[in-house]
Participant: 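Supplied in structure tokens, the structure appears directly below.
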Amino acid sequence: MKCTGQSGYISTKTAVPGDLPSDTYNWIKSFECSDIINIIIIYIKNSMVGGIRNMKNKAYHTIADLVGIPSERQWFIEDPKKYYKENYEEYDDRSVSEDEEDTIVWIGFIIEMTKDKTLWGMDHSFYLEDFTGCLEEILPEGLTINEDILNEDESMFEWVEVVNKDWESTGYVLACFDVDSDGFELFVCKKDVLEQLKEEAKKAGHRIDLAHNM
């Protein structure tokens with residue numbers, strides 16, 4: 001089978017392959033070379049998109065496991081459109097549209113962790129008492145905040161760094177999901193877990209890091 005130099009149509013001098021039905025073979029022959037090239041390009045693109053989606057979903061599930069989202073609630077990764085409809089107000093407040101599937105999944109982590117009180121979204125304009133009060137809601141058992149070392153005249157940008165320095169000996173860190181906003185989506189995890197989260201988030205095209213690195 002080859003492309004002719006003049007007509008641009010597929011021609012062949014070979015017999016129809018035994019595993020290819022003659023009607024299918026004749027259908028293929030009817031295409032111009034440019035059509036076949038376009039079909040190949042579309043196939044490659046679809047294969048790449050599917051491969052990237054599978055890679056991202058694998059990273060998303062790893063993140064979900066690491067932050068403690070139960071497997072039965074991880075369906076938002078595979079079905080973001082349905083999840084969007086069930087949590088429309090949350091997404092509308094963030095100006096996220098239904099076709100932004102990747103963002104829907106990423107914000108899905110925020111929604112699910114907030115339900116479990118393992119994450120708290122804080123505005124950068126919070127007063128110190130707001131910051132410490134909300135942070136206490138998501139602290140693991142046994143971990144505390146030393147309020148004496150926090151200066152109320154400073155901002156959350158300074159407070160998160162002070163907290164992380166104070167926690168160095170505990171093995172815990174104050175981390176954050178980057179959602180491209182002025183606020184902080186704060187959660188607490190072990191330092192080694194954060195390293196894994198950073199790597200998986202990078203694979204998915206997102207970012208998780210220490211709160212003071214945001």
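Keep in mind it's a predicted model, so treat the numbers as computed, not measured.
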Participant: May I ask you to decide if the ring planes of Y83 and W75 are parallel, tilted or perpendicular, using 30° and 60° as cut-offs?
Facilitator: perpendicular
Participant: Are F109 and F187, when compared by the centres of their aromatic rings, separated by less than 6.0 Å?
Facilitator: no
Participant: With a 3.5 Å cut-off and sequence neighbours excluded, list the donor-acceptor pairs that the side chains of residues 171-182 form with protein atoms.
Facilitator:
unit_1, atom_1, unit_2, atom_2, d
D178, OD1, D180, N, 3.0
D178, OD2, R207, NH1, 3.4
S181, OG, G183, N, 3.3

Participant: Side chains of D99 and Y84 only: does a donor on one sit below 3.5 Å from an acceptor on the other?
Facilitator: no
Participant: Could you check whether Q74 and S71, counting side-chain N and O atoms only, form a donor-acceptor pair closer than 3.5 Å?
Facilitator: no
Participant: For F76 versus V105, what's the shortest heavy-atom pair and its separation?
Facilitator: CE1-O, 3.4 Å
Participant: Just checking, is any N or O donor in the side chain of T118 or D116 under 3.5 Å from an acceptor N or O on the other one?
Facilitator: no
Participant: Just verifying a value: how many Å separate N151 CG and E158 CD, rounded to the nearest 0.5 Å?
Facilitator: 9.0 Å
Participant: For K85 and E98, run side-chain contact (heavy atoms from CB on, under 4.5 Å): C-alpha distance rounded to whole Å, both residues' side-chain angles, the deciding distance at 0.1 Å, then the answer.
Facilitator: CA-CA 8 Å; K85 291 176 182 177; E98 188 177 2; 3.3 Å; yes
Participant: Salt bridge between E199 and K202, side-chain N to carboxylate O under 4.0 Å?
Facilitator: no
Participant: Are the side chains of W106 and Y60 in touch, meaning some heavy atoms are under 4.5 Å apart?
Facilitator: yes
Participant: Kindly confirm or rule out a cation-pi arrangement of K191 over W167, judged by NZ or CZ under 6.0 Å from the six-membered ring centre and within 45° of its axis?
Facilitator: no
Participant: I'd like to know whether the aromatic ring centres of F131 and F126 sit less than 6.0 Å apart in this structure.
Facilitator: no
Participant: Can you tell whether the side chains of E185 and R94 come within less than 4.0 Å, N to carboxylate O?
Facilitator: yes
Participant: How many angstroms lie between CD in E195 and CG in L66, if you round to the nearest 0.5 Å?
Facilitator: 12.0 Å
Participant: Looking at Y127, is its backbone amide N or carbonyl O close enough to the side chain of D130 to form a donor-acceptor pair, meaning the two atoms are under 3.5 Å apart?
Facilitator: yes
Participant: Please check: side-chain N/O of E100 versus main-chain N/O of S97, any donor-acceptor pairing under 3.5 Å?
Facilitator: yes
Participant: We want to know whether E200 and H61 form a side-chain donor-acceptor pair, criterion being a heavy-atom distance below 3.5 angstrom.
Facilitator: no
